[in-house]
Amino acid sequence: MTLCQQLESSLAAVLSQILGSPTIAPVTPANDLRFGDYQSNAAMVLAKAQKMNPRALAEQVIAAWPANAIATTEIAGPGFINFRIKPEVYAARTQAAATDDRLGVATVADPRTIVLDFSAPNVAKPMHIGHIRSTILGDSLSRIARFLGHKVITDNHIGDWGTQFGMVTWAWKNILNETALLENPLAELLRLYRHASDASKADESIREACRLELVKLQQGDAENFAIWTRCLELSKYGLQQIYTRLDVSFDHWLGESAYNDALAPLVEKLLEKNLARESEGAVCIFSDGSVSDPTKDPFLIRRDGEWTDFPMMIRKSDGGFNYATTDIATLQFRHEEWNADAIWYVVDHRQSLHFQQLFTVAVRLGLDTMDLRHIAFGTILGTDGKPLKTRAGDLPQLADVLDDAVSASRKTVEERSRLDTDEERAALAELIGISAVKFTELAHHRLSDYVFDLDKMVALEGDTAPYLFYSFVRSRSIFRKLEAPFTAGDAIELTEEAEIHLARLLARFAEVVPSVLDDCRPNILTSYLLEVARAFHSYFEACPVLKAEGITRYTRLTLCDVTARTLKKGLALLGIPVPQRM
Ligand code: ARG
């Protein structure tokens, strides 16, 4: 049990005793440490329900509070109860963490099968900066959910069947340079895509020609299918290079094309069940009128002061299927084949209406037992505050962005690193560059936009990945100076405030990690790790380790050790490995 859970059960016991009926009593971490470590408004809430004086009830709680509990109590304001955890309890927690690989984090009591749908770029064109958010957020959430004991299935639902293939096929037939394709397949593929995309913007007839190539592909034309297969292989190879560099992997790559055969029968089924109907030659899903508040009905939109239909189209009048059709088929597949309890889609916030519609369709299909979440995120901005673009006005390619991050970190490494060989320095620069991009992504609230400022991200000072690396290395460095190897796990004793505060934060790890999944917000974990690092440096300055003796020295070494392991584990859950030296 976490400390918070222990307090909840003690408080519930005391309140049940006083009120003579079983009660629950939520406890939360304190906002302000000056008044305590945890707090509860349970007495106030319960007193109100029982028409009692809240302060009087809180006073009864304090009077009945057992002396051997893990915390002391105090009343604040109209009836808040503040708890201060006893130093010996923090000492025991730190001691336990010192020999626990999980650092006190329990596995969940109700493991679920969670499908994480993330990254999912549209292929045949390179990944761009916009793909960072989904890729990094999804990867971190999958690591955390797995660590907590859930069965996680990661699925890269790539867009491998869309309009872009019409363009690439058209260009393949018209301007392909075979030699260039052999020498640098990805560059040639990109050239084809760009050429077709520019040409179809400028020339209506080319756009039509591209569209016809797509129709031919969808109708099973052998030549187009062969071109598609080649392009897909090449693109997947290109994507894999980036995923390897980011250390991101997937259990499945079931792209849109994997569901092609399921689409026609799905539409028939929806028509049969009266969940969809024909409209102007197309097949659409409409509002069923069951939502009384039109602002909450994703199938209605307000136009010219009136609520009008905003249907989800699942078959176009030309017989083709849509993104939405594929998503319904995918959702069903994951339910039936994988027995998913949850599907979490890490996708740009601009698709929120699509997901609201999709989840409503799931309810109508009777699949509402699943926890369906759209884990939305905002936009990455340039230092000018506008969406990040290259000088040519395109979205920067992800591979280039990663290269830039590594060159920026090379400067930090050249100025600050103590590593001797060029090889080690180059490896450190790569690690810092990639980690800085990841950490910056995860450190922002996912729904807010953020400015992509490479120099800030790779700086050693600030709320950055390299600052945490430095803190980790510093907390480990002391062990190299010991005459005998350190064995963790014996009893410790906390006396100095800086020691207690560090131990307090280290104990919180067990509460912080699970809370990330409540609203899928890894930034809770990044803030926590930064707080641990700051507390560690204050502690390290206030409390000499090697000069201390006896149990004080042992306690301080244990704190260094648990700090290092907490930083390392926390970063690992974010998909960031630590360097051994810097
Ligand atoms: N390929 C889509 C895009 O780039 C994202 C797919 C997300 N996943 C899903 N099941 N819709 O916008």
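Numbering of ligands and ligand atoms starts at 1, following listing order. Values in this document were obtained by computation on a predicted structure and should not be read as measured data. The basis for the numbers below is simple: all heavy atoms, side chains too, and nothing from hydrogens, waters or symmetry mates.
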Undergrad: Does E430 pair with R245 as a salt bridge, N-O distance under 4.0 Å?
TA: yes
Undergrad: Collect the protein residues that have a non-hydrogen atom under 4.0 Å from ligand 1 and hand them over in chain and number order.
TA: D117, A120, N122, H157, Y323, D327, Y345, V347, Q351, F355
Undergrad: Take D139 and R143, measure what salt bridge (charged side-chain N to carboxylate O under 4.0 Å, His left out) needs, and give me the verdict at the end.
TA: CA-CA 6 Å; D139 178 58; R143 288 170 195 264; 2.9 Å; yes
Undergrad: Minimum heavy-atom separation for I314 to F321, with atom names?
TA: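 Residues I314 and F321, closest heavy atoms: O-CD2, 3.5 Å.
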Undergrad: Give me the ring orientation class for Y243 and F250: parallel if the planes are under 30° apart, tilted from 30 to 60°, perpendicular past 60°.
TA: perpendicular
Undergrad: Check step by step if salt bridge (charged side-chain N to carboxylate O under 4.0 Å, His left out) holds for K438 and E441.
TA: CA-CA 5 Å; K438 288 190 178 189; E441 168 57 43; over 6 Å; no
Undergrad: Quick one: side chain to side chain donor-acceptor pair (under 3.5 Å) partners of E213, sequence neighbours excluded?
TA: K173, N224
